[in-house]
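Sequence lines set the chain letters: A, B, ... in the order given, protein chains first and strands last, and positions in each chain run from 1. Quick caveat: nothing in here was measured; it's all calculated off a predicted structure.
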Amino acid sequence: MNIQDLLETKVKEAVLQVFEASLPTVEFQPTRKEFEGDVTVVIFSMLRVVKGNPVQIGEKIGAYLVDQVAEVTSFNVIKGFLNLVISDSFYLTSFAAIKNDDSFGSVKTNAEDAVMVEYSSPNTNKPLHLGHIRNNLLGYSVAEILKAAGKKVYKTQIINDRGIHICKSMLAWQKFGKGETPESTGLKGDKLVGNYYVTFDKVYKKEIADLVEIGTDKALAEKEAPILQEAQQMLLKWEAGDEEVVALWKKMNQWVYKGFEVTYKNLGVDFDTLYYESDTYLLGKDVVAAGLEKGIFFRKDDGSVWIDLTDDGLDEKIVLRSDGTAVYMTQDIGTAIQRVKDYPDVGGMVYTVGNEQDYHFKVLFLILKKLGFSWADNLFHLSYGMVDLPSGKMKSREGTVVDADDLMADMATTAGNIAEELGKLEGYSADEKQALYQIIGLGALKYYILKVDPKKRILFNPEESVDFQGNTGPFIQYTYARIQSILRKASELNLDQHVSVSELHPKEKELLKQLQLYPETIQLAAANFSPALIANYTYDLVREFNSFYQNVSILGEEDQAKIAFRVQLAQKVGDVIASAFKLLGIEVPERM
RNA sequence: GGUGGCAUAGCUCAGCUGGAUAGAGCACCUGCCUUCUAAGCAGGCGGUCCUAGGUUCGAAUCCUAGUGCCAUCACCA
């Protein structure tokens with residue numbers, strides 16, 4: 001039972017009894033640390049209904065509550081704030097209700113209410129980089145949070161496995177690859193293919209320079225460079241189903257998929273269903289044809305089909321080329337509809353895509369709404385800011401990227417170096433240590449990225465490594481490990497689980513208050529599609545626990561009942577840390 | 001130029017539906033390891049909440065205008 005729900009009716013009752021006025025709502029906030037109390041009622045906001053001096057109003061309501069509500073033990077009024085002290089027994093009772101609830105914080109899944117979360121959606125011509133990491137972590141975490149909030153979730157991606165950029169890698173490999181394979185080079189497949197994407201760009205740039213040298217206009221040179229023309233020819237052949245090109249395409253894509261598989265596994269993300277652009281890029285044309293008949297779209301003189309969104313404050317947008325082929329928008333319309341066909345319980349979708357595509361998704365959602373799909377009201381573009389380097393934007397074709405695999409490996413190495421220095425892992429085998437360094441290094445990386453509001457741009461400086469102290473993943477993992485250490489020791493003590501305490505230490509009370517916020521934090525994070533809220537909540541919980549831990553002895557306490565209670569409290573905090581971190585896709589270690 | 005996002009301590013970020021003296025971490029300075037793991041705790045230093053107006057008993061938060069950075073406005077994806 002939430003104390004605020006209880007108090008709300010009582011405060012309204014008080015106002016009705018004492019002032020004969022009825023309040024529409026009551027405004028609560030946690031009492032600030034510097035004042036005495038647990039919950040604060042804001043009196044100012046009542047002044048529209050109740051006339052008078054805020055302090056006097058507060059006094060009267062406070063007196064009424066102390067008199068009428070068992071949970072309120074005392075109060076004080078400062079300016080327009082009524083601070084209420086809530087009884088220890090209230091917190092103890094609510095703790096008893098949650099301490100054995102293994103799914104504390106989560107809501108039971110409502111199978112009727114399914115949502116599809118799309119994330120990752122890479123191109124198959126280059127390895128994943130730091131930008132993808134942010135995308136993957138956000139998408140995965142939001143999917144987990146939605147599940148915890150009671151949604152049924154399908155994780156998916158659309159793999160951009162076709163197009164001119166893919167042909168660039170293919171062509172460069174064909175021309176300069178000398179038959180290299182992942183096996184022959186020992187390279188991960190995605191890395192190998194990515195190298196040829198870079199090769200293509202180098203050759204292309206050289207050809208442009210050569211053309212400009214002999215007096216060609218630069219813009220023209222960019223179009224007429226022979227290798228680009230060749231790539232375009234290759235794309236035409238691919239679309240025509242040319243056997244040789246398709247075989248090469250399949251071979252190289254398989255290399256990439258194998259590479260991605262490794263990266264995803266290391267990153268700890270997964271998918272329930274996959275969509276390939278090569279399957280979906282022709283979808284949507286029928287929908288456009290139907291929409292054309294209904295007058296939602298219109299045809300221009302050259303035969304291209306458009307939608308006019310100027311009444312909605314947007315522009316005209318093309319949905320079909322004059323030659324009748326599909327554009328990106330056509331495909332996305334088709335894919336969305338296809339997904340609902342494949343999974344009829346889907347009532348909404350989340351697209352995890354960078355904020356450079358804000359406009360595209362605004363248009364897409366509007367079109368789907370105009371086409372009359374009921375689920376079009378529940379589409380959300382999980383838009384996130386770019387991850388930039390101090391040197392500027394990451395560009396795969398120029399090789400200025402922070403590679404996902406390298407970064408994860410570096411983080412684990414750093415974690416290992418720190419752990420070696422601290423030297424607390426005696427008894428661990430080399431393998432166990434390695435696994436632990438992975439957990440810590442990844443924890444640092446994931447937390448670092450997820451704690452930031454998705455909308456904000458991240459400036460990532462590879463020179464200054466990600467922190468392991470303060471508001472970081474390892475800090476939280478460390479607290480978890482410490483709790484596990486206590487629990488291991490406590491299990492040898494043979495504690496009586498049924499004794500009870502009646503009074504709380506202030507630190508215990510603070511901790512219980514923070515624990516109770518977990519369920520609403522999950523709901524808030526789900527409503528806002530924001531893992532950052534989970535991260536920040538967990539950080540606050542952990543700080544509260546550490547303060548408790550350093551100021552109050554758990555196992556050194558004399559009173560057996562207190563030991564038992566504190567152990568239970570520590571265990572619950574540990575459970576919530578693990579649960580919250582699971583929502584972020586971060587593992588917690590037993591020791592560190 | 002139109003549209004969207006962002007702007008808070010030296011740096012990285014919190015700040016929920018407007019509420020008390022704007023909070024953390026890093027960095028810098030003090031203390032605390034023979035007692036449950038010091039990747040920790042306790043404390044100090046540090047602010048024109050981009051600017052100017054407005055609404056309100058009350059504005060970092062809402063509104064208007066402006067400034068700066070980023071993105072976008074393709075028969076590319």
Side-chain angles (χ1 to χ4, degrees), chain A residues 25 27 29 31-32 34-35 40 42-45 47-48 54 78-81 83 121 123 160 162-165 277 281 300 302-306 313-315 317-329 331-332 354-360 362-363 383 385-386 388 393 415 418-419 421-422 424 440 444 448 451-453 455-459 461 464 467-479 481-490 520-521 524 527-528 532-533 535-536 539-540 542-543 546-557 563 566-567 570 591-592:
Chain A
T25 55
E27 198 182 324
Q29 53 184 281
T31 304
R32 289 183 150 245
E34 57 265 40
F35 303 108
T40 294
V42 182
I43 302 297
F44 289 115
S45 58
L47 295 179
R48 286 190 190 90
I78 295 167
K79 295 189 202 168
F81 299 94
N83 301 321
S121 302
N123 292 336
N160 300 304
R162 47 142 258 134
I164 188 74
H165 46 291
E277 196 189 308
Y281 82 108
K300 287 198 176 176
D302 60 5
S304 56
V305 179
W306 296 70
L314 304 173
D315 300 316
K317 189 81 186 174
I318 189 162
V319 292
L320 211 57
R321 292 194 188 95
S322 53
D323 62 5
T325 55
V327 292
Y328 184 35
M329 190 61 75
Q331 169 201 319
D332 271 3
N355 64 8
E356 58 201 351
Q357 296 197 36
D358 284 355
Y359 185 73
H360 172 79
K362 213 183 255 184
V363 172
S383 163
M386 294 290 107
D388 292 328
K393 243 189 144 164
I418 295 172
E421 226 168 274
L422 294 171
K424 293 192 217 173
I440 299 172
Y448 174 82
K451 76 172 177 184
V452 182
D453 181 347
K455 285 198 292 290
K456 289 198 176 173
R457 185 178 94 117
I458 290 181
L459 191 67
N461 190 345
E464 300 167 17
D467 277 334
F468 286 73
Q469 281 168 4
N471 187 1
T472 67
F475 166 72
I476 293 167
Q477 290 172 322
Y478 173 68
T479 304
R482 267 206 311 209
I483 290 172
Q484 300 318 304
S485 170
I486 291 173
L487 295 181
R488 281 191 294 270
K489 288 189 172 139
E520 58 196 82
T521 303
L524 200 63
N528 291 292
L533 295 178
N536 287 316
Y539 176 62
D540 288 339
V542 162
R543 261 196 328 150
N546 279 330
S547 179
F548 164 72
Y549 175 90
Q550 301 268 357
N551 288 288
V552 180
S553 181
I554 298 174
L555 300 175
E557 171 62 42
I563 296 181
R566 285 174 187 170
V567 168
R591 276 178 65 180
M592 68 184 274

Student: Are A/Arg321 and B/A77 close enough that a side-chain N or O sits under 4.0 Å from OP1 or OP2?
Tutor: yes
Student: I want to check one thing: is the phosphate of B/A20, taken as OP1 and OP2, less than 4.0 Å away from some side-chain N or O of A/Arg32?
Tutor: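 Affirmative; the distance criterion is met.
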Student: Test your reading of the model: is there a side-chain donor-acceptor pair from A/Asn160 to the backbone of A/Ser121, 3.5 Å cut-off?
Tutor: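 Yes; judged by distance alone, with no hydrogens or angles, the pair exists.
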Student: Send over the distance from A/Gln469 CD to B/C26 P, rounded to a whole Å.
Tutor: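 It works out to 7 Å between those atoms.
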Student: Using only side-chain N and O atoms of A/Lys79, determine if any of them is under 4.0 Å from OP1 or OP2 of B/U21.
Tutor: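 For A/Lys79, the contact criterion (side-chain N or O under 4.0 Å from OP1 or OP2 of B/U21) is met.
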Student: Name the closest nucleotide to the A/Gln357 side chain, picking from B/U37, B/A77, B/A20.
Tutor: B/A77
Student: Taking any heavy-atom pair under 4.0 Å as a contact, classify A/Ala481: base, sugar-phosphate, or nothing.
Tutor: base
Student: Select base, sugar-phosphate, or nothing to describe what A/Asp453 touches, counting heavy atoms under 4.0 Å on all strands.
Tutor: sugar-phosphate
Student: Determine if the base of B/C33 is syn or anti; take syn to mean the glycosidic torsion is within 90° of 0.
Tutor: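 Glycosidic conformation of B/C33: syn.
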Student: Report the base-pairing partner of B/U21 (Watson-Crick or G-U wobble, both distances below 3.5 angstrom), or none.
Tutor: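 Because no pair has both required distances under 3.5 Å, B/U21 counts as unpaired.
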Student: Suppose we call a contact any N or O donor and acceptor under 3.5 Å apart; does that hold for the side chain of A/Asp388 and the base of B/A71?
Tutor: no
Student: What's the CG-C1' distance between A/Asn461 and B/C11, to the nearest Å?
Tutor: 11 Å
Student: Counting only Watson-Crick or G-U wobble pairs whose two distances fall under 3.5 Å, which nucleotide matches B/C76?
Tutor: none
Student: Could you state the CD-P distance from A/Gln29 to B/U21, rounded to the nearest angstrom?
Tutor: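 In whole Å, B/U21 P and A/Gln29 CD are 12 Å from each other.
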Student: From the list B/C36, B/A20, B/G40, which nucleotide is the closest neighbour of the side chain of A/Ile486?
Tutor: B/C36
Student: With a 6.0 Å cut-off on ring centres, are A/Tyr478 and A/Phe468 close enough?
Tutor: no
Student: Under 4.0 Å, counting only non-hydrogen atoms across every strand here, what does A/Val552 touch: a base, just sugar-phosphate, or nothing?
Tutor: base
Student: Below 4.0 angstrom from OP1 or OP2 of B/A42, is there any side-chain N or O of A/Ser547?
Tutor: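 The answer is yes; a side-chain N or O of A/Ser547 sits under 4.0 Å from OP1 or OP2.
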Student: Using the side-chain heavy atoms of A/Tyr549, tell me which of these nucleotides is nearest: B/C36, B/U72, B/A39.
Tutor: B/C36
Student: The side chain of A/Phe44 is closest to which nucleotide in this list: B/A39, B/C41, B/C57?
Tutor: B/C57
Student: Within less than 4.0 Å of OP1 or OP2 of B/C70, is there a side-chain N or O belonging to A/Lys456?
Tutor: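 Looking at the OP1 and OP2 atoms of B/C70, neither is under 4.0 Å from any side-chain N or O of A/Lys456.
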Student: Looking at the side chain of A/Ile440, which of B/G58, B/G4, B/A39 is the nearest nucleotide?
Tutor: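 Nearest to the side-chain atoms of A/Ile440, counting from C-beta on, is B/A39.
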Student: For atom CD of A/Glu34, decide whether the heavy atoms of other residues, nucleotides or ligands shown that lie under 6.0 angstrom number more than 12.
Tutor: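 Enclosed: over 12 neighbouring heavy atoms sit under 6.0 Å from CD of A/Glu34.
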Student: Hey, could you give me the CD1/NZ distance between A/Ile476 and A/Lys451, rounded to the nearest 0.5 Å?
Tutor: 9.0 Å
Student: Are A/Asp467 and A/Thr472 linked by a side-chain donor-acceptor pair shorter than 3.5 Å?
Tutor: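 Judged by distance alone, the side chains do not pair up.
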Student: In whole Å, what is the span from the CG atom of A/Leu422 to the C1' atom of B/C33?
Tutor: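 Taking atom C1' of B/C33 as the reference, CG of A/Leu422 is at 13 Å.
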Student: May I ask you to evaluate whether A/Lys455 reaches the phosphate of B/C70, defined as a side-chain N or O under 4.0 Å from OP1 or OP2?
Tutor: no
Student: With nearest nucleotide decided by heavy atoms, which residue, A/Asn536 or A/Arg488, maps closer to the 5′ end of RNA chain B?
Tutor: A/Asn536
Student: Is there a donor-acceptor contact under 3.5 Å from the side chain of A/Arg591 to the main chain of A/Lys424?
Tutor: yes
Student: Using Watson-Crick or G-U wobble geometry with both distances below 3.5 Å, tell me the partner of B/G46, or none.
Tutor: none
Student: Let's test this: given Watson-Crick or G-U wobble pairing with both distances under 3.5 Å, identify the partner of B/G4.
Tutor: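 Across any shown strand, B/G4 pairs with B/C70.
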Student: Kindly point out which of B/U37, B/A20, B/A38 is positioned nearest to the side chain of A/Lys424?
Tutor: B/U37
Student: Taking OH from A/Tyr328 and P from B/A74, how many angstroms apart are they, rounded to a whole number?
Tutor: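 After rounding, the reported distance stands at 15 Å.
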Student: Rounding to the closest angstrom, what is the interatomic distance between B/C11 and B/G58 at atom C1'?
Tutor: 33 Å
Student: Rounded to whole angstrom, note down the P distance from B/A27 over to B/C41.
Tutor: 13 Å
Student: Once you apply a heavy-atom cut-off of 4.0 Å, does A/Met386 come out as touching a base, just sugar-phosphate, or nothing?
Tutor: nothing
Student: Do side-chain atoms of A/Ser485 reach the backbone of A/Ala481 as a donor and acceptor pair under 3.5 angstrom?
Tutor: no
Student: Name the nucleic acid region contacted by A/Glu277, choosing base, sugar-phosphate or nothing; use a 4.0 angstrom heavy-atom cut-off, strictly under.
Tutor: sugar-phosphate
Student: In whole angstrom, give me the gap between the P atoms of B/C49 and B/A22.
Tutor: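 Going atom to atom, P in each nucleotide, I get 10 Å.
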Student: A/Ser485 side chain N/O closer than 4.0 Å to the phosphate oxygens (OP1, OP2) of B/U37?
Tutor: yes
Student: With stacking defined as ring centroids separated by under 5.5 Å and planes differing by under 30°, is A/Phe475 stacked against B/G40?
Tutor: no
Student: For B/G40, what is the paired nucleotide under Watson-Crick or G-U wobble rules, both distances under 3.5 Å?
Tutor: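 Across any shown strand, B/G40 pairs with B/C32.
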Student: Checking contacts here: which listed nucleotide (B/A14, B/G25, B/C36) is nearest the side-chain heavy atoms of A/Asn471?
Tutor: B/G25
Student: Once you apply a heavy-atom cut-off of 4.0 Å, does A/Ser45 come out as touching a base, just sugar-phosphate, or nothing?
Tutor: base
Student: Just how far, in rounded Å, is P of B/C26 from CZ of A/Arg543?
Tutor: 11 Å
Student: For B/G2 and A/Tyr359 - does any side-chain N or O of the residue sit under 4.0 Å from the phosphate oxygens OP1/OP2?
Tutor: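 Looking at the OP1 and OP2 atoms of B/G2, neither is under 4.0 Å from any side-chain N or O of A/Tyr359.
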Student: Quick check on B/G40: is either OP1 or OP2 less than 4.0 Å from any side-chain nitrogen or oxygen of A/Asn546?
Tutor: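 So the side chain of A/Asn546 is outside the cut-off, no N or O lying under 4.0 Å from OP1 or OP2 of B/G40.
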Student: Across all strands shown, which nucleotide pairs with B/G10 by Watson-Crick or G-U wobble geometry, both distances under 3.5 Å?
Tutor: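 Paired with B/C26.
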Student: With distance as the sole test, does A/Arg566 use its side chain to make a donor-acceptor pair with the main-chain N or O of A/Ser553 at under 3.5 Å?
Tutor: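 Flag set: sc A/Arg566 to bb A/Ser553 pair under 3.5 Å.
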Student: How long is the line joining CE of A/Met329 and C1' of B/C76, in whole Å?
Tutor: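 It works out to 13 Å between those atoms.
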Student: Checking contacts here: which listed nucleotide (B/G19, B/A77, B/A39) is nearest the side-chain heavy atoms of A/Phe81?
Tutor: B/G19
Student: Hey, does A/Phe35 reach any base, or is it just sugar-phosphate, or nothing, if we go heavy atoms under 4.0 Å?
Tutor: base
Student: With a non-hydrogen cut-off below 4.0 angstrom, is A/Arg48 in contact with a base, only sugar-phosphate, or nothing?
Tutor: base
Student: Contact class for A/Leu533 (heavy atom, under 4.0 Å): base, sugar-phosphate, or nothing?
Tutor: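 Counting heavy atoms under 4.0 Å across all strands, the contact made by A/Leu533 is with sugar-phosphate only.
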Student: Under 4.0 angstrom, heavy atoms only, what part of the nucleic acid is A/Thr25 near: base, sugar-phosphate, or nothing?
Tutor: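 Here A/Thr25 touches no strand at all.
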Student: Using the P atoms only, state how far B/A14 lies from B/A7, rounded to an integer number of Å.
Tutor: 8 Å
Student: Who is the Watson-Crick or G-U wobble partner of B/A65, with both distances under 3.5 Å?
Tutor: B/U51
Student: What is the distance, to the nearest angstrom, from the CD1 atom on A/Ile318 to the P atom on B/U72?
Tutor: 19 Å
Student: Give me the distance, rounded to whole Å, that separates B/A59 from B/U64 when you measure between the C1' atoms they each carry.
Tutor: 15 Å
Student: Counting only heavy atoms not in A/Lys455 (residues, nucleotides, ligands), do more than 12 fall under 6.0 Å from its NZ?
Tutor: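 Atom NZ in A/Lys455 is not crowded, with 12 or fewer foreign heavy atoms closer than 6.0 Å.
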